[in-house]
Amino acid sequence: MINNRFLKACRREPVDRTPVWFMRQAGRYMAEYQRIRAKHGILDVCKTPDLAAEVTLQPIERFDLDAAIIFADILLPLEPMGLQLTFREEEGPVILNPVRHQDDVTRLRRVERDAFRFSSDAVTLTNEALAGRVPLIGFAGAPFTLASYAIEGGSSRNYLNTKHMMFGRPDQWHALLRKLSDVVVTYLENQIRAGVHAVQIFDSWVGCLSPVDYDEYVLPHVKSVIDRLKPEGIPIIYFGTGTSTLLPLMRSAGSDVLGLDWHVELDEAWARVGFDVAVQGNLDPVVLFAPLPEIERRIKDILDKAGNRAGHIFNLGHGILPKTPVDHVESAIGFVHKYSTR
Ligand code: CP3
């Protein structure tokens with residue numbers, strides 16, 4: 001690997017400057033991405049290895065980033081389980097046959113690795129094009145966040161149906177999360193064997209839970225996913241938002257890196273989870289819309305809080321937003337370089 005700052009930081013080894021990449025770094029804020037999306041639906045892009053590889057490379061060609069993330073979506077593994085996934089223009093993802101009853105859980109299919117051929121092919125093509133310039137990150141949704149889409153049938157505000165199953169039918173809930181965990185492991189193992197250098201598990205919406213409920217209904221499943229992936233020997237990042245009160249429990253799931261959102265101060269959160277785990281974050285994505293001096297000030301602040309300690313990966317606290325000014329993204333990366341070069 002020509003640039004392995006990111007992988008070193010995942011392992012808390014010293015680096016010459018803080019590695020930086022952005023969640024959703026390939027996306028609608030880039031004209032190059034929009035040109036592809038004008039001709040192809042989101043699912044087509046994800047499932048056509050040439051297109052997925054091309055889109056993955058777009059931010060790498062344009063910016064001085066320290067990692068690529070394979071272009072895909074966390075909801076893809078739900079399809080071979082038997083759930084019908086579509087994306088609607090305003091609404092985002094929709095599951096046409098959501099999981100609500102015992103029968104719905106029972107009929108969900110186990111998935112073999114062959115079902116994810118599109119994903120391993122995309123990884124292979126992307127690594128060929130990257131030629132070792134930067135590491136490639138694979139990813140999957142975490143069992144809870146996937147369950148929330150499977151049960152609600154799409155995005156949700158209060159997770160009413162999800163919690164209804166969790167609190168009312170814990171047996172059904174745990175059976176569903178076990179099935180989802182198995183698929184997540186298969187999907188990630190497939191990406192790892194195809195050549196991704198690290199994986200991130202997105203538990204984007206887990207912040208809607210209390211620590212007690214997280215501990216009982218979610219943690220055992222995330223732990224089982226991480227335990228099964230550990231022998232693969234590559235760094236595992238575990239990320240969620242709205243997680244300030246959950247972080248110590250999330251830490252105990254056993255990932256190498258914990259993702260932090262912007263509701264916490266990086267130094268305080270890192271001290272709380274312990275400096276024996278790497279952290280990734282945590283600029284508010286909306287800060288990238290602010291004037292450059294304000295972006296600079298806030299990036300410097302995060303890097304000051306990381307204090308040159310080994311094991312910090314600079315990122316946003318959540319995905320980059322559509323309409324983010326591209327020149328601000330470029331400047332932000334420059335500010336990370338400016339304030340973190342040792
Ligand atoms: O980081 C990257 O560059 C890789 C790309 C990536 C996508 N989805 C492509 C995508 C990643 C990491 C994801 C993960 C994902 N997908 C998550 C977890 C991350 C997060 O943001 O919390 C979630 C919750 C999903 C489900 C999903 N997919 C939603 C809610 C949406 C609609 C969002 C919207 O703003 O419309 C999608 C569609 C999607 N997946 C887009 C992208 C770039 C945007 C839609 C498009 O191009 O039409």
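Counting starts at 1 for both ligands and their atoms, following the listed order. Everything numeric here is computed off the predicted structure, so don't read it as measured data.
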Are A26 and ligand 1 in contact, using a heavy-atom cut-off of under 4.0 Å?
yes
In this structure, does ligand 1 have an atom that sits under 4.0 Å from one of the heavy atoms of F239?
no
P135: partners by side-chain contact (heavy atoms from CB on, under 4.5 Å), with sequence neighbours left out
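With neighbours one apart ignored, the set is M1, F6, L7, H197.
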Using distance alone, with no hydrogens and no angle criterion, decide if S155 and E91 have a side-chain donor and acceptor under 3.5 Å apart.
no
Are D103 and H101 close enough that a side-chain donor and a side-chain acceptor fall under 3.5 Å?
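Side chains of D103 and H101: no pair found under 3.5 Å.
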Atoms in ligand 1 flagged as close to [X], the criterion being non-hydrogen separation under 4.0 Å:
X	answer
P93	27 (C), 29 (C), 30 (C), 31 (C), 32 (C)
I42	10 (C), 39 (C), 40 (N), 41 (C), 42 (C), 46 (C), 47 (O)
Y33	43 (C), 46 (C), 47 (O)
H318	20 (C), 21 (O), 22 (O)

Does the N or O separation between [X] and ligand 1 drop below 3.5 Å for any pair?
X	result
S155	no
D73	yes
Q25	yes
T145	no

Which one of D66, D16, V15 satisfies the side chain to side chain contact (heavy atoms under 4.5 Å, CB included) criterion with K8?
V15
Just say parallel, tilted or perpendicular for the rings of Y187 and F118, cut-offs at 30° and 60°.
tilted
Is there a side-chain contact between F71 and Y33 (heavy atoms, below 4.5 Å)?
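With C-beta onward as the side chain, the pair touches.
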Record the part of A72 in heavy-atom contact with ligand 1 below 4.0 Å; permitted values are side chain, backbone, both and neither.
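Under 4.0 Å from ligand 1, A72 contributes backbone atoms alone.
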Given that the side chain starts at C-beta and the backbone is N, CA, C, O, which of these parts of I70 lies under 4.0 Å from ligand 1, counting heavy atoms, or is it both or neither?
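It is the backbone that gets close, since no side chain atom is under 4.0 Å.
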Starting from [atom], find the nearest protein heavy-atom neighbour and note its residue, name and distance.
atom	value
atom 11 (C) of ligand 1	F139 CZ, 3.5 Å
atom 18 (C) of ligand 1	S204 OG, 3.2 Å
atom 15 (C) of ligand 1	R24 NH2, 3.4 Å
atom 38 (C) of ligand 1	F87 CE2, 3.4 Å
atom 30 (C) of ligand 1	Y149 OH, 3.4 Å
atom 35 (O) of ligand 1	R28 NH2, 2.5 Å
atom 23 (C) of ligand 1	I74 CD1, 3.5 Å

Charged N-O contact under 4.0 Å between K300 and D304:
yes
NZ/NE/NH1/NH2 to OD/OE distance under 4.0 Å, D44 and K47:
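Salt bridge: no.
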Just how far is it from atom CG of L316 to atom CE of M23, taken to the nearest 0.5 Å?
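One gets 6.0 Å once the value is rounded to the nearest 0.5 Å.
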Rounded to the nearest 0.5 Å, how far apart are CG of D203 and OG1 of T243?
9.5 Å
side-chain contact (heavy atoms from CB on, under 4.5 Å) evaluation trace for K179 with D182
CA-CA 5 Å; K179 283 191 161 186; D182 289 348; 5.7 Å; no
Give a yes or no answer on whether the side chain of N315 reaches the backbone of G281 with a donor-acceptor pair at less than 3.5 Å.
no
Have a look at R37, M23, Q34 and point out the one with the heavy atom closest to atom 46 (C) of ligand 1.
R37
